[in-house]
Amino acid sequence: MVTPISLQVLAVPFRLDDLSILVIIFAVIFSVAAHFLREIILGRRGKRWDMVFEKAQRYDAVQIFVHWFFLVGLAVLFITGFIIFKMDYFLSVYPQLSAVGLRNLVAYHWYFVVILFALTIFHVVYDTIIIRKFQEVNITRLDLRNFIKIARNFFGITRNYPKLEKYHPMQKMLHWVMAVVFFLLGFTGLTIWSPFLDFVRAIGLGSFEEWLYIVNSRYLHDLLTFLFVALMIGHFYFSVLIPANWKVFRGMTRGWIKYENNKNPKNKKRGNDE
């Protein structure tokens with residue numbers, strides 16, 4: 001039976017195409033390049049990383065470990081997932097990979113999914129119950145007002161830049177978006193797993209099988225993967241390549257960050273540029 005052209009066009013493809021991947025990656029690279037040109041090359045806030053600060057603890061040892069181990073786990077997930085995604089290509093350039101086998105690669109991918117899932121639960125419990133810092137990453141009305149001021153400043157509408165006490169509003173937004181995308185990645189990955197399909201059938205939801213299994217979920221999993229990669233590129237850019245954030249980055253490696261010292265008269269009129 002031949003599928004009508006309209007269905008072929010409207011139907012979700014089996015895997016994400018290379019062009020869509022390149023569009024996503026080049027879009028984020030173009031965005032950070034434009035930001036770098038505006039803020040660093042043409043320069044304003046990039047020159048303000050030498051502000052006088054007073055020392056304060058931002059992260060403890062547990063938070064630092066969770067952050068960096070999570071990064072390692074994500075790297076392993078991406079490497080194993082990308083090899084699975086482009087298995088034919090990698091086998092053509094590295095035939096020895098066949099000794100590992102697709103089944104083992106999928107197994108390694110799943111092992112680290114389980115590890116990161118457990119680490120995520122620990123991270124949430126630790127931050128919300130043990131050290132009670134979850135409120136610090138909530139997006140408030142003040143964050144939204146500061147975001148509007150920052151956007152107006154970026155586009156040259158105003159020279160005013162808000163005073164930021166700890167987290168940049170975009171930092172909060174970026175992490176919440178990453179959390180949602182990561183959850184959806186886990187869910188779509190779960191629906192590709194054959195035992196999950198058996199579970200769906202067993203509880204009488206077999207009518208959702210076509211949507212849940214392989215075709216739609218695998219495409220969505222691919223799409224979400226490269227959206228997550230784009231978010232990570234943005235996260236890396238703002239963390240490492242913006243001079244104003246170097247002290248913040250060191251806070252995630254040493255635990256301590258030097259906040260602005262308001263007693264210094266030179267800094268009273270200057271905003272914290274996290």
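What you see below is based on every heavy atom in this structure, not just the backbone, and it leaves out hydrogens, waters and symmetry mates.
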Enquirer: Suppose the criterion is salt bridge (Lys or Arg N to Asp or Glu O under 4.0 Å): which pairs have a residue in residues 113-125, not counting sequence neighbours?
Expert: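 Sorted result for residues 113-125: empty, none.
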
Enquirer: In chain order, what residues pass the ring pair (Phe, Tyr, Trp, His ring centres under 6.0 Å) check against F182, with sequence neighbours excluded?
Expert: F70

Enquirer: Going by the rule salt bridge (charged side-chain N to carboxylate O under 4.0 Å, His left out), which residues pair with D198 if we only count those two or more places apart in sequence or in a different chain?
Expert: none

Enquirer: Within a strict 4.5 Å, meaning less than it, do heavy atoms of the M173 and I139 side chains meet?
Expert: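 In contact.
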
Enquirer: Do the side chains of L185 and I25 join up, straight or via other hydrophobic residues, at under 4.5 Å, putting them in one cluster?
Expert: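 Yes, L185 connects to I25 through the hydrophobic network.
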
Enquirer: Contact between P162 and I150 at the side-chain level, heavy atoms closer than 4.5 Å - yes or no?
Expert: yes

Enquirer: Taking only residues at least two apart or on different chains, which pairs with a member in residues 221-237 satisfy side-chain hydrogen bond (donor to acceptor under 3.5 Å, both in side chains)?
Expert: R15-D222, H35-Y237, T188-H221

Enquirer: For the residue pair L220 and L184, establish whether any side-chain heavy-atom pair is separated by less than 4.5 Å.
Expert: no

Enquirer: Taking the side chain as C-beta and beyond, is there a heavy-atom pair between L144 and I148 under 4.5 Å?
Expert: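 SC-SC contact between L144 and I148 ruled out.
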
Enquirer: Rounded at 0.5 Å granularity, tell me how far CD in Q63 sits from CG in D127.
Expert: 5.0 Å

Enquirer: Is L91 reachable from V106 through a run of hydrophobic residues whose side-chain heavy atoms are each under 4.5 Å from the next?
Expert: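 Yes, same cluster.
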
Enquirer: To check you understand the geometry: which heavy-atom pair defines the closest contact between L105 and T80, and what is its length?
Expert: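 Looks like O-CB, 4.3 Å.
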
Enquirer: Could you see if I203 belongs to whatever hydrophobic cluster contains F196? Use Ile, Leu, Val, Met, Phe, Trp, Tyr and a side-chain cutoff under 4.5 Å.
Expert: yes

Enquirer: Report the residues that fulfil side chain to side chain contact (heavy atoms under 4.5 Å, CB included) with S31, sequence neighbours left out, ordered by chain and then residue number.
Expert: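 With neighbours one apart ignored, the set is empty.
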
Enquirer: Anything under 30° is parallel, anything over 60° is perpendicular, the rest tilted; go ahead and classify F69 against F65.
Expert: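 Plane angle under 30°, so parallel.
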
Enquirer: Quick one, V229 and M232 - any side-chain contact, counting heavy atoms below 4.5 Å?
Expert: no

Enquirer: Testing the basics here: between P169 and N146, what is the closest heavy-atom pair and its distance to 0.1 Å?
Expert: CG-CB, 4.2 Å

Enquirer: Would you please name every residue forming a side chain to side chain contact (heavy atoms under 4.5 Å, CB included) with M252, sequence neighbours left out?
Expert: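 Partners of M252 by the side chain to side chain contact (heavy atoms under 4.5 Å, CB included) criterion, ordered by chain and then number, come out as Y59, I64, H67, W68.
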
Enquirer: Please examine the side chains of H168 and F238, heavy atoms only from C-beta on, and report whether any two atoms are closer than 4.5 Å.
Expert: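 Contact flag for F238/H168 side chains = no.
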
Enquirer: Considering residues at least two apart in sequence or located in another chain, which fulfil the salt bridge (charged side-chain N to carboxylate O under 4.0 Å, His left out) criterion with K172?
Expert: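 Here the qualifying residues are D143.
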
Enquirer: For a quick test of reading the model, state the closest non-hydrogen atom pair linking L16 to F85 and the distance between them.
Expert: O-CZ, 3.4 Å

Enquirer: Hey, are the side chains of F187 and T191 touching, using non-hydrogen atoms and a 4.5 Å cut-off?
Expert: yes

Enquirer: Using the ring pair (Phe, Tyr, Trp, His ring centres under 6.0 Å) criterion, which residues pair with F183? Sequence neighbours excluded.
Expert: none

Enquirer: Rounded at 0.5 Å granularity, tell me how far CG in N160 sits from NZ in K149.
Expert: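 With rounding to 0.5 Å, CG (N160) is 8.0 Å from NZ (K149).
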
Enquirer: Could you tell me which residues satisfy salt bridge (charged side-chain N to carboxylate O under 4.0 Å, His left out) with R152, sequence neighbours excluded, listed by chain and number?
Expert: none

Enquirer: Side-chain atoms of residues 116-126: list all donor-acceptor pairs with protein atoms under 3.5 Å, sequence neighbours left out, distances to 0.1 Å.
Expert:
unit_1: T120; atom_1: OG1; unit_2: L116; atom_2: O; d: 2.7
unit_1: Y126; atom_1: OH; unit_2: D60; atom_2: OD2; d: 2.6

Enquirer: Could you state whether L22 and L231 fall into the same hydrophobic cluster, counting links through intermediate Ile, Leu, Val, Met, Phe, Trp or Tyr residues with side-chain heavy atoms under 4.5 angstrom apart?
Expert: no

Enquirer: What is the distance from atom CD1 of I83 to atom NZ of K86, rounded to the nearest 0.5 Å?
Expert: 13.5 Å

Enquirer: Which pair of non-hydrogen atoms, one from F154 and one from E39, has the smallest distance, and what is that distance?
Expert: CD1-OE2, 2.9 Å

Enquirer: Rounded to the nearest 0.5 Å, how far apart are CG of L227 and CD1 of I24?
Expert: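 One finds 4.5 Å between CG of L227 and CD1 of I24.
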
Enquirer: Indicate if M170 and I29 have the same hydrophobic cluster label, given that clusters are the connected sets of ILVMFWY residues with side-chain heavy-atom separations under 4.5 angstrom.
Expert: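 Yes, because M170 and I29 connect within a single hydrophobic cluster, where side-chain heavy atoms sit under 4.5 Å apart.
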
Enquirer: Using the ring-ring contact (aromatic ring centres under 6.0 Å, His included) rule, collect all pairs that involve residues 90-113, keeping only residues at least two apart or in two chains.
Expert: F82-F90, W110-W193

Enquirer: Please identify each residue that fulfils ring pair (Phe, Tyr, Trp, His ring centres under 6.0 Å) with F236, with sequence neighbours left out.
Expert: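 Listed in chain order: nothing, the list is empty.
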
